[in-house]
Amino acid sequence: MNEIAKKLISWYLVNKRDMPWRNTTDPYKIWLSEIMLQQTRVAQGMPYYLSFINAFPTVHDLAKANEDEVLKLWQGLGYYSRARNLHATAKFVSRELNGLFPNNYNGLLSLKGVGDYTASAIASICFGEPKAVLDGNVFRVLSRVFNIDTPINESIGKKEFALLASELLDKDNPATYNQAIMEFGAIHCKPQSPLCNNCILIDSCQAYKSNRVKELPVKLKKIKIKKVYYNYIVPISHNNDTVLVKRPPKGIWANLFEFPLIESPKEITLSQLVLSDKLKQLGLESNTPVLYNENSIVHKLSHRHIYTKFWIIDVDEISNNKVSFTEIEKYPVPVLIANFIKDFCKNN
DNA sequence: AAAACGGGGTC
DNA sequence: GACCCAGTTTT
């Protein structure tokens with residue numbers, strides 16, 4: 001075993017955090033944890049993992065659920081295609097594979113929602129297959145230890161780091177090694193304020209030697225944030241019913257529920273809202289909308305800022321997509337909508 | 001190769 | 001405000 005792998009594993013055995021998915025090699029649990037932790041911090045994913053295992057102890061239980069139930073439990077975790085792919089894969093494994101997950105990298109890679117990282121993680125942790133994981137932590141640790149400034153989000157960089165990662169892998173113990181380098185990146189070789197003054201790799205770290213730790217890893221192509229303007233129409237009937245509609249199966253918040261939505265190129269006023277014939281299409285032209293929030297609520301996602309206004313309309317009766325406020329919490333909704341419902345119910 | 005896809009933590 | 005997180009899929 002190479003010297004760096006040896007040090008990482010020694011460090012890991014002493015410093016690893018105790019996590020529920022670290023006490024098992026059950027592919028179902030490892031798979032679930034890996035999907036949940038894609039682009040997600042452990043602290044954020046943990047409560048979701050526990051509630052999923054509680055609700056769906058086996059892949060068969062998850063397979064039997066409705067997609068709405070799965071999305072509801074996923075609510076707030078983001079990247080909802082993960083939840084839909086999770087459910088689809090559970091149904092596939094339960095029904096087509098007799099509940100047995102593929103036991104190798106290539107088989108795992110064919111599952112929906114399982115890419116190179118996740119297939120490597122499951123294959124190594126559950127089956128001891130010598131595949132090196134390459135995630136944000138590994139990019140960071142390797143870029144620093146070897147002082148590599150190739151951009152990690154371009155294909156040339158991915159190839160270079162993938163080669164290096166597989167060379168460094170301890171092929172006799174890929175499960176421990178992979179978790180060790182990720183854990184080391186997560187809690188020691190952190191993005192900001194890495195703990196260089198007390199580091200097991202201090203003698204090996206080329207970036208530290210060159211005082212370049214802060215600059216690594218290099219990532220190019222900053223994402224551009226788009227502004228969008230959402231006007232939600234919230235009908236309220238006398239007996240406390242409202243309307244929720246299901247979003248389309250593609251795009252942001254796919255298959256989640258929301259109030260009827262009118263998008264506009266910029267913020268609009270009441271008169272502009274009434275002029276739009278959308279209200280007519282919705283059959284909600286009986287009464288005048290009342291703006292609920294004086295200032296637009298800015299909901300910030302990584303790639304867009306959503307400027308949101310909620311408009312309340314009193315109506316006599318609701319014909320389509322009727323939802324009672326007493327049952328509204330059963331529907332999976334974006335955090336933006338959940339926040340509104342919470343605030344609205346507090347004040348009414 | 002680039003864009004789309006969430007929400008929350010940290011500095 | 002900018003960056004990042006146990007990335008994958010679609011365009």
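Within every chain, numbering begins at 1; the chains are lettered A, B, ... in the order of the sequence lines, protein sequences first and strands thereafter.
At least one side-chain nitrogen or oxygen of Gln39(A) sits closer than 4.0 Å to the OP1 or OP2 atom of dG7(C). Contact between the side-chain N/O atoms of Lys222(A) and the OP1/OP2 oxygens of dC3(C) is found at a separation under 4.0 Å. The shortest distance between the side-chain N/O atoms of Tyr80(A) and the OP1/OP2 oxygens of dG7(B) is below 4.0 Å.
The number of heavy-atom neighbours closer than 6.0 Å to NZ of Lys246(A), taken from other residues, nucleotides and ligands shown, is above 12. By the neighbour-count criterion of 12 heavy atoms within 6.0 Å, atom NZ of Lys209(A) is densely surrounded, having more than that number from other residues, nucleotides or ligands. Enclosure of atom CD in Glu329(A) is not indicated, since only 12 or fewer non-hydrogen atoms of other residues, nucleotides or ligands lie within 6.0 angstrom.
One interatomic measurement links the two molecules: NZ of Lys221(A) to P of dA4(B), which rounds to 13 Å at whole-angstrom precision. In this structure, CG of Leu111(A) is placed 15 Å from C1' of dG7(C), rounded to the nearest angstrom. Whole-Å rounding puts the Gln38(A) CD to dG7(C) C1' distance at 5 Å. To the nearest angstrom, P of dC4(C) lies 11 Å from CD1 of Ile223(A). Protein atom CE of Met19(A) is 9 Å distant from nucleotide atom P of dA6(C), rounded to whole Å. Residue Arg84(A) contributes atom CZ, which lies 12 Å from atom C1' of dT10(C) at whole-angstrom precision. With rounding to whole Å, Tyr79(A) atom OH is found 12 Å from dG8(B) atom C1'. Lys226(A) places its NZ atom 18 Å from the P atom of dA2(B), with the value rounded to the nearest Å.
Taking the side-chain hydrogen bond (donor to acceptor under 3.5 Å, both in side chains) definition, one finds that Glu183(A) meets it with Arg17(A), Arg22(A), sequence neighbours left out. Partners of Glu267(A) according to the side-chain hydrogen bond (donor to acceptor under 3.5 Å, both in side chains) rule, which considers only residues two or more places apart in sequence or in another chain, are Ser296(A). Thr176(A) is linked by a side-chain hydrogen bond (donor to acceptor under 3.5 Å, both in side chains) to Asn173(A), counting only residues two or more places apart in sequence or in another chain.
Contacts classified as ring pair (Phe, Tyr, Trp, His ring centres under 6.0 Å) and involving residues 267-298 of chain A (residues at least two apart or in different chains) are given here: Tyr292(A)-Phe340(A), Tyr292(A)-Phe344(A). Pairs engaging residues 100-138 of chain A under the ring pair (Phe, Tyr, Trp, His ring centres under 6.0 Å) rule: Trp31(A)-Phe101(A) [sequence neighbours left out]. Sorted by first and then second residue, the salt bridge (charged side-chain N to carboxylate O under 4.0 Å, His left out) pairs involving residues 166-177 of chain A (not counting sequence neighbours) form an empty list. Counting only residues at least two apart or on different chains, the salt bridge (charged side-chain N to carboxylate O under 4.0 Å, His left out) pairs with a member in residues 138-156 of chain A are Asp149(A)-Arg212(A).
In terms of position on DNA chain C, the residue among Ala186(A) and Ile225(A) whose nearest nucleotide sits closer to the 5' end is Ile225(A). Residues Lys224(A) and Ile156(A) each lie close to DNA chain B; by heavy-atom proximity, the contact nearer the 5' end of the strand is made by Ile156(A). Summary of the strand contacts: Arg82(A) and Glu154(A) both lie near DNA chain B, and taking for each the nucleotide with the nearest heavy atom, the more 5' one is attributed to Glu154(A). Toward the 5′ end of DNA chain C lies the nearest nucleotide of Glu34(A), the other residue of the pair Val114(A) and Glu34(A) mapping further downstream.
Thr308(A) and His299(A) form no side-chain donor-acceptor contact under 3.5 Å, judged by distance and modelled atom types alone. For Asn231(A) and Ser264(A), the side-chain atoms include at least one donor-acceptor pair closer than 3.5 Å. The closest side-chain donor-acceptor pair between Ser124(A) and Glu129(A), if any, does not fall under 3.5 angstrom.
Under the 4.0 Å criterion applied to side-chain N and carboxylate O atoms, Lys280(A) and Asp277(A) are not assigned as salt-bridge partners. Using a cutoff of 4.0 Å between basic side-chain nitrogens and carboxylate oxygens, Lys330(A) and Asp68(A) are not scored as salt-bridged. Classification of Arg84(A) and Glu67(A) as a salt-bridged pair fails, no side-chain N sitting under 4.0 Å from a carboxylate O.
Taking the six-membered ring for Trp and the full ring otherwise, the centers of Phe184(A) and Trp11(A) sit less than 6.0 Å from each other.
With dT10(B), dC5(B), dA6(C) as the candidates, the nucleotide lying closest to the side chain of Gln192(A) is dT10(B). Relative to the side chain of Asn85(A), the nucleotides dT9(C), dA6(C), dG8(B) differ in distance, and dT9(C) lies closest.
Contacts between residues 295-303 of chain A and DNA chain B, counted as heavy-atom distances below 4.0 Å, involve His299(A), Leu301(A), Ser302(A), His303(A). Against DNA chain B, the stretch residues 116-151 of chain A makes no heavy-atom approach under 4.0 Å. Looking at residues 71-78 of chain A, you'll see Gly76(A), Leu77(A), Gly78(A) sit with a heavy atom under 4.0 Å from some atom of DNA chain B. At a non-hydrogen distance threshold of 4.0 Å, Gly251(A), Ile252(A), Trp253(A) from residues 250-267 of chain A come into contact with DNA chain B.
Contact of Arg22(A) with dA6(C) (side chain to base): a donor-acceptor pair of N or O atoms is detected under 3.5 Å. Between the side chain of Arg41(A) and the base of dC4(C), at least one donor-acceptor pair of N or O atoms lies under 3.5 Å. Contact of Thr40(A) with dG7(B) (side chain to base): no donor-acceptor pair of N or O atoms is detected under 3.5 Å.
Going from the P atom of dC3(C) to that of dA3(B) covers 16 Å, rounded to whole Å. Using P as the reference atom, dT8(C) and dG9(B) are 24 Å apart when rounded to the nearest Å. Across the P atoms, dT10(B) and dA6(C) are found 12 Å apart, a figure rounded to whole Å. Remark: the separation of the P atoms in dT11(C) and dG6(B) is 14 Å, to the nearest Å.
The ring-ring contact (aromatic ring centres under 6.0 Å, His included) with Trp74(A) is formed by just one residue from the set Tyr49(A), Phe52(A), Tyr48(A); it is Phe52(A).
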- Message: Reading 5' to 3' and counting Watson-Crick or G-U wobble pairs with both distances under 3.5 Å, write the dot-bracket notation for DNA chain C, | for bases paired outside the strand.
- Response: |||||.|||||
